[in-house]
Amino acid sequence: MDKKKTVVEDIDRGLYDIKNEDRYRYKASKGLTPQIVLDISKEKNDPEWMREFRLRSLEIYNQTSMPTWGPSLHELDMDDIVTYVRPDTEMKGKWQEVPDDIKDTFERLGIPQAERESLAGVGAQYDSEVVYHSVKEELVKQGVVYTDMESALREYEPMIKEYFMKLVTPNDHKFVALHGAVWSGGSFVYVPPGVQVEIPLQSYFRLNSPGAGQFEHTLIIVDKGAKLHFIEGCSAPKYNVTNLHAGCVELYIKEDASLRYSTIENWSRNMLNLNTKRALVEKNGSIEWVSGSFGSKISMLYPRSILKGEGARAEFNGVTFAAQGQVLDTGAAVIHAAPYTSSNINSRSISKGGGVAVYRGAVKVAPNAHHCKSLVSCESLMLDDLSRSDTLPVIDIQNDEVDIGHEARIGRIREEAIFYLMSRGISEQEAKAMIVRGFAEPIAKELPLEYAVEMNNLINIELEGTIG
Amino acid sequence: MEKLQKNLSPIPVKTWNWLGVNDTVLEADIPAITDYSKQPVTTGSEKGVTITDIRLSRDTIKFMEKKMDTGASEAMRDFVKKNQNSGYFIEIEEGEKIGTPIFLQYDLDEENPTLVDDHFILAHENSEATIIINYKSSCIQNGFHSGVTKVFAKKGAVVHLIKVQMLADQDTHVDAISAIADEKGQVDFTLIELGALQTITGCRTQLVGKNSTGTIHSLYFGDQNRKIDINYVQTHQARESLSSIEARGVLLDHSQKVFKGTLDFIKGSSGSKGKEEEYTVLLSPTVRNRSTPLMLCGEDAVEGQHAVSTGKMDENKLFYLMSRGLSEAEAKKLIIEAEFQPILEKIPVSELRDTISMYLRRRLNRV
């Protein structure tokens, strides 16, 4: 008799797939031309240097070829993508003033409730613009800045000019160049020296307009000895046309500062998610990434940490769930560029129903980065033989005073583990459920607030028969 | 010739270009290929073994060759075919277990500075043999070796192939092995890369038969300005196949190494197991050590694992030996020799084992 295979339900996207009427105040034409870039720049009232930056990025985009590695992006046709949609509202500081349909969407996603209960500040972006922003008064008094990027560009122009796309430059790859040309929305956070922001700040990005791209820019500077937890979430309803997300996140962590950056990427299944995230960590600073990749048709997402100062640390905890029709090419990269730096990468992936989960990683140790340590651990769970799971790590070491380890494992649940749990009085079904939950647990427990709902959907699997 | 110098040893799935591991560039110029006039086969004619010039056996092996994936670039395969100046078709008869290793000794010198060899080893059902191919060079500058060795282990056959490379410091070594193991067949490789200025070497095993096995034990030693590029791929195409890759190495001075090891579980290879381990000791602040341990999986009912560990020599071991009166250099030499020993033990010919040990010891004197 054939062994029954485990059935793991898709994540119920219900509330994420609710669409609003596509109302907008301004929508760029489809495609990508210098005129469209100039129109966006004009619409956003950019300073001169930003307009030039956009045009230069567009030139780089046109000169840069598509990646020669990774998932196929043949479906992406920039002539079909709208790069800028201004929603039919201005940015509001009071929740009551946000238009009803947009407000309802964010209410369903749980954003205002989370703000009331446990956040120090919230930004909500709808299509290409931030529609709501608030930050607690006591943080403002301490000098914490949390605002949308457009306001930041006006109010903190010298700082933006100093840091904007200096860590991720338009020359990096084609989709960052695209971002440089058409970026809009996103968040700016500055935490002054020594300020400890104990309650998280959160930005939520919602893409409603079909066939549109979202290119939000997040810039966070955590100054000396300061501390911040930043949460970012994204979602979009499903349309039958391809949507594109090419955001950019730049994180500057100064001496002795620490930043925890948590995010769940839960885009709809028609989305190409080509996001770029990078952190620059100075002496004794630390960056901690908590990352969940669930949605999108194709994701290419590899947060990179550059440990620039002595004693800097990076930690990455990521979980990827690839279901039918998805290619989730995710991972992490760490550059050890100073002595006594350390990193820890912990990646888990689950694939089912023909989904493809790829871990792509790199640990690079520069010649001067002596006495550094790194440990990479990748585990993959495949729930059927339709799916794929690939692990592609690279380690590059350029001095001898290092301690580097990498391990990866793939396989199905061991019979002995089930037997052991059953011998302790746990039913077979529950034993298997426990093992699968245990597999995702190290990352799940790091996830904040309403994202636990998404993670619960993942963990709350329906088990029947055996895994594998 | 230009084509051969790029993309020589690609990994099965590409990754970021900035890491420089997707493929390999041959840095030396390729010299004009002259005759190799020596007789490399040094063993007598064993019962059950036929060794013939491969050029006379092309028609016999043509069909089998088509199934084989060398992993080397198309340009390299064409180059070897076109320029081949030595090579043998080694055939082991059905059911024969060959006790004495079949030994091929290649020695580059002033009169024979270039070698392009092409070998085909065919082990018929339930046969077993050990083949040793040793490359060295004496008194020459800029020797050049490029070659392809193909191994076909039929049902129940076992092939042990040992390749030892001790070329001179300025030589170039480009080598590719491809192997197929049929049902219950076993291909077992011991690959020792010690010499040459640039080494580009690869081994690709296709486990096409149920219960087939592929193992690779690899040893490398980099010092001075040596560049070593290793690319091993174990492809599980059949059910309940087993594979393992174990690589150990030491890097000194300004040497550089790229190790690429892939376990590839093709859909349908259920019940298969693969294991890969790489351990590198770094002994100089100016070395460069890159590792790319890939695991590709299209089948759920498999077990695969890989581990890479890189670092300084174990300080506890060093301390212990030094507390017993050994100097630091002597202690280091001892630890490295002990690391290498399990792999050297796999060489069944004591003279060759001793030659390698002497060669290594001489080089380790620089530690």
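So that the names make sense, note that chain A is the first sequence line, chain B the second, and so on, each numbered from 1. The shown structure was predicted, so the numbers you read here are calculated from the model rather than taken from an experiment.
For B/K267, the part sitting under 4.5 Å from any heavy atom of chain A is the side chain, from C-beta outward, and nothing else. Heavy atoms of A/Y302 lying under 4.5 Å from chain B belong exclusively to its side chain. Contact annotation for A/K364: only side-chain heavy atoms (C-beta onward) come within less than 4.5 Å of a heavy atom of chain B. For A/S351, no part lies under 4.5 angstrom from a heavy atom of chain B.
For B/Q206 (side chain) and B/H236 (main-chain N/O), no donor-acceptor pair under 3.5 Å exists by modelled atom type. In this structure, the side chain of B/S255 engages the main chain of B/G222 through a donor-acceptor pair within 3.5 Å.
Residue with the most contacts toward chain A among B/N17, B/V258, B/V13: B/N17 (heavy-atom pairs, distance under 4.5 Å). For the set A/P67, A/S374, A/G361, the count of heavy-atom pairs under 4.5 angstrom toward chain B peaks at A/G361. Note: A/R360 leads A/H173, A/R360, A/R409 in heavy-atom pairs under 4.5 Å with chain B. Put simply, of B/P285, B/G298, B/G20, the one with the most heavy-atom pairs under 4.5 Å next to chain A is B/P285.
Seen from the ring of B/W18, A/R304 counts as a face-on cation partner, given the 6.0 Å and 45° thresholds. Judged by the 6.0 Å and 45° rule, A/K174 forms a cation-pi pair with A/Y61.
Shown are B/S270, B/C297, B/S243; of these, the side-chain contact (heavy atoms from CB on, under 4.5 Å) with B/F265 is made only by B/C297.
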Under the salt bridge (Lys or Arg N to Asp or Glu O under 4.0 Å) rule, what do B/R226 and B/D253 come out as? Steps first, then yes or no, please.
CA-CA 9 Å; B/R226 259 177 251 282; B/D253 305 332; over 6 Å; no
